[in-house]
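Take a look at the structure set out below.
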Amino acid sequence: MNDDQLLRYSRHILLPELGIEGQEKLLAAHALVIGAGGLGSPAALYLASAGVGRITLADGDTVDLTNLQRQILHATAAVGRPKSVSGRDTLARLNPEVRVEPVEQRLEGARLDALVAAADVVLDCSDNFATRHAVNRACVARRRPLVSGAGVRFDGQISVYDLRSVDSPCYACLFPEDAEPEEMRCAVMGVFAPLTGIIGTMQAAEALKLLAGLGESLCGRLLLLDALRMEWRSIRLKKDPACRVCGGAARI
Ligand SMILES: [Zn+2]
């Protein structure tokens, strides 16, 4: 690290659990952030400010006026621009040392698989079940830790699925692919602006912990937030031996 980096990251380096060694791990790390909206905005901002060396930011949408209430990567002048590119520009202003690669598409198939394989940690900040399940499959296949968040109305949830550990559940153990739950879209249901900030920020915290090797991750626990009462519930998660996504993989 050069002198500027020692200053920029000094408040991390002061943490005995993190230190120079942990910060160097962050500088050498690559995070894939899927979705540059309400969750992806705070998540990517903290990953960049904290010095994660490389961030791939994927989103197929353009910035809409209705996004600005909570999607804090994007300012009013970005309306109409691709979210991944607007996000890249904001992150570059925050920390020019971080290499941010915008991907202007909704990830699926071989491209998703390749980007997951190239990342050290994956943050699912998407807003639909098709993407969530595709991301989970790729993370299970490639054994990449997945930090999964969601938020709508005043309700948020977050967990970590880390198939590097054999007894970790995957997203589909909890939400089976054939269950077809009702999509809870912000466009229809509404969303409290700071809710996505709280959950997205926690996704960044879990990702930074995984990358720097700190503490214990949320793997095996699902946190549920009721922001109207500001109450959290913690639920223990178990691997589903019959899970169609990770059940077979676990026997390898
Ligand atoms: Zn599973």
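For reference, positions follow the sequence shown, starting with 1. What's counted below: heavy atoms across the whole structure, side chains too, no hydrogens, waters or symmetry copies. Nothing here was measured: the structure is a model prediction, and the numbers come from that model. Order of listing sets the numbers, starting from 1, for every ligand and every atom in it.
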Keeping Asn136 on the side-chain end and Tyr171 on the backbone end, is there a donor-acceptor pair under 3.5 Å? yes
For Ser217 and Lys209 the tightest heavy-atom approach is CA-NZ, 4.1 Å
Run the side-chain contact (heavy atoms from CB on, under 4.5 Å) check on Thr131 and Ile34 step by step: do they pass? CA-CA 9 Å; Thr131 299; Ile34 298 169; 4.1 Å; yes
Please determine, by modelled atom types, if Thr62 and Asp64 share a side-chain donor-acceptor pair under 3.5 angstrom. no
Have Thr90 and His74 got a donor and an acceptor in their side chains that come within less than 3.5 Å? no
What's within reach of the Zn ion (ligand 1), meaning protein N/O/S atoms under 2.8 Å? Cys170 SG, Cys173 SG, Cys243 SG, Cys246 SG
Distance-only polar pair, side chains of Gln71 and Ser41, donor-acceptor under 3.5 Å: no
